[in-house]
Q: 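Here it is, the structure in full.
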Amino acid sequence: MKMFIMPDPERSMGLSTAQLRKTFLIEDLFTPGQIVLNYCDVDRTIVGSAVPAGREALTLGTADELRADFFLQRRELGVLNIGGKGTVTADGQTFEMDALDCLYVGRGVKEVRFSGEGAQFYLVSYPAHATFPTTQA
């Protein structure tokens, strides 16, 4: 997981274009066959993607930085499909997702899997202090 430590507003004013890009730009986010996660210290945000390729589903694992047994132990997850048809499975419950469909996955879900040849899932996750049901919009 790549870490982004944001400068305070006063320091941001003096950054060059190259420094601004290095500090704020997330590159190579949508990589086929991978889940890519980026941690930002502002609100402990995780921004990422899951781009399934082929028949293998991608499983969202935890990261050492989270100090958790599973990714959503103390977090919640928003999923937006910006690609073709795909499927998200959350603790055995399957959600078919077309382009621009959204899914909220609540805290406590132990296994999240992504599949679908043309699907590109944009992920955003924040710490959660309450549990709500997984819901598709």
Side-chain angles (χ1 to χ4, degrees):
M1 182 177 331
K2 186 174 178 183
M3 305 291 279
F4 286 86
I5 307 301
M6 296 293 127
D8 61 71
E10 193 171 300
R11 280 196 3 223
S12 295
M13 300 283 281
L15 297 177
S16 68
T17 300
Q19 291 169 323
L20 284 168
R21 289 178 62 82
K22 184 178 179 186
T23 303
F24 294 100
L25 181 63
I26 299 174
E27 296 185 281
D28 302 323
L29 187 59
F30 293 93
T31 305
Q34 292 184 21
I35 294 177
V36 176
L37 300 174
N38 299 277
Y39 181 93
C40 176
D41 67 330
V42 177
D43 291 334
R44 297 178 290 167
T45 305
I46 294 177
V47 175
S49 67
V51 183
R55 296 182 162 216
E56 295 274 331
L58 298 175
T59 302
L60 181 62
T62 192
D64 292 340
E65 295 88 350
L66 297 179
R67 311 288 192 272
D69 296 327
F70 52 96
F71 188 84
L72 296 174
Q73 185 173 6
R74 292 182 296 273
R75 302 185 72 81
E76 57 192 0
L77 175 69
V79 180
L80 170 65
N81 184 8
I82 62 168
K85 289 185 183 239
T87 302
V88 178
T89 305
D91 279 351
Q93 188 176 6
T94 300
F95 299 90
E96 298 292 330
M97 297 188 63
D98 290 322
L100 304 182
D101 281 353
C102 297
L103 180 69
Y104 169 83
V105 185
R107 181 182 82 166
V109 172
K110 292 185 178 177
E111 184 180 67
V112 180
R113 298 173 59 84
F114 304 92
S115 59
E117 184 66 35
Q120 293 186 6
F121 299 103
Y122 176 75
L123 311 175
V124 63
S125 176
Y126 288 94
H129 305 289
T131 302
F132 297 97
T134 300
T135 307
Q136 187 172 10

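Just so you know, residue 1 is the first one in the sequence shown, and it goes up from there.
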Q: Any link between F30 and Y39 through a network of hydrophobic side chains (Ile, Leu, Val, Met, Phe, Trp, Tyr) touching at under 4.5 Å?
A: no
Q: Enter the distance from E27:CD to K22:NZ here, rounded to the nearest 0.5 Å.
A: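 Result: 12.0 Å between the selected atoms.
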Q: Who are the ring pair (Phe, Tyr, Trp, His ring centres under 6.0 Å) partners of F114, not counting sequence neighbours?
A: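 Partners of F114 by the ring pair (Phe, Tyr, Trp, His ring centres under 6.0 Å) criterion, ordered by chain and then number, come out as F121.
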Q: Within the side chain of S49, is there an N or O that forms a donor-acceptor pair under 3.5 Å with the backbone of L29?
A: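 It does hold such a pair.
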Q: Which heavy-atom pair separates P32 from A53 by the least distance, and what is that distance?
A: C-CB, 4.3 Å
Q: Would you say D98 and K85 make side-chain contact, with heavy atoms under 4.5 Å?
A: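 Yes. Closest side-chain heavy atoms under 4.5 Å.
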Q: With clusters defined by side-chain heavy atoms of hydrophobic residues (ILVMFWY) lying less than 4.5 Å apart, directly or transitively, does I82 cluster with M97?
A: no
Q: Does D64 CG have over 12 foreign heavy atoms under 6.0 Å away?
A: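 12 or below, so no.
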Q: At what distance, to the nearest 0.5 angstrom, does CZ of F71 lie from CD of E76?
A: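 Answer for the CZ-CD pair, F71 versus E76, is 11.0 Å.
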Q: Among T89, T59, T94, find the one that has a side chain to side chain donor-acceptor pair (under 3.5 Å) with R113.
A: T59
Q: Could you give me the CA-CA distance, side-chain angles and deciding distance for I46 and L123, then say whether side-chain contact (heavy atoms from CB on, under 4.5 Å) is met?
A: CA-CA 8 Å; I46 294 177; L123 311 175; over 6 Å; no
Q: Can you check whether L77 reaches L60 side chain to side chain, under 4.5 Å on heavy atoms?
A: yes
Q: Under 3.5 Å, is there a donor-acceptor pair between the side chain of D43 and the main chain of T45?
A: no
Q: Can a donor-acceptor pair be found, under 3.5 Å and without considering hydrogens, that links the side chain of E96 to the backbone of T87?
A: no
Q: For the residue pair Q19 and S16, what are the closest heavy atoms and their distance?
A: OE1-N, 2.8 Å
Q: May I ask you to decide if N81's main-chain N or O and D101's side chain share a donor-acceptor pair within less than 3.5 Å?
A: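 No, the answer is negative, given that no donor and acceptor are paired below the 3.5 Å cut-off.
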Q: Looking only at heavy atoms, what is the nearest atom pair of P133 and Y104, with distance?
A: O-CD2, 3.4 Å
Q: Take atom CG in D41; do more than 12 heavy atoms of anything else shown fall under 6.0 Å from it?
A: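 More than 12 within 6.0 Å, yes.
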Q: Would you give the length of the straight line joining atom CE of M3 to atom CG of N38, rounded to the nearest 0.5 angstrom?
A: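 If we round to the nearest 0.5 Å, M3:CE and N38:CG are 10.5 Å apart.
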Q: Looking at every non-hydrogen atom in both residues, tell me the closest pair between H129 and R107 and how far apart they are.
A: C-NH1, 3.5 Å
Q: Taking all non-hydrogen atoms of both residues into account, name the closest pair between I35 and A50 and its distance.
A: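 Scanning both residues, the minimum pair turns out to be CG1-CB, 3.8 Å.
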Q: Among the clusters formed by ILVMFWY side chains lying less than 4.5 Å apart, do V36 and Y122 turn up in the same one?
A: yes
Q: OG1 of T62 to CG of D69: how many Å apart, nearest 0.5 Å?
A: 7.5 Å
Q: Please answer: with hydrophobic residues joined when any side-chain heavy atoms are less than 4.5 Å apart, are V47 and F24 in the same cluster?
A: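 Same cluster: V47 reaches F24 through Ile, Leu, Val, Met, Phe, Trp or Tyr contacts under 4.5 Å.
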Q: Identify the heavy atoms of S115 and A57 that sit nearest to each other, and give their distance.
A: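 Shortest heavy-atom contact: CB-CB, 4.1 Å.
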Q: CD/Q34 to CG/L58 distance, rounded to the nearest 0.5 angstrom?
A: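 Answer for the CD-CG pair, Q34 versus L58, is 8.5 Å.
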Q: Out of curiosity, L80 CG to C102 SG, how far, rounded to the nearest 0.5 Å?
A: 4.5 Å
Q: Between M6 and L15, is there a shared hydrophobic cluster once you connect ILVMFWY residues whose side-chain heavy atoms come closer than 4.5 Å?
A: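 Yes; tracing contacts between hydrophobic side chains, which count when under 4.5 Å, links both residues.
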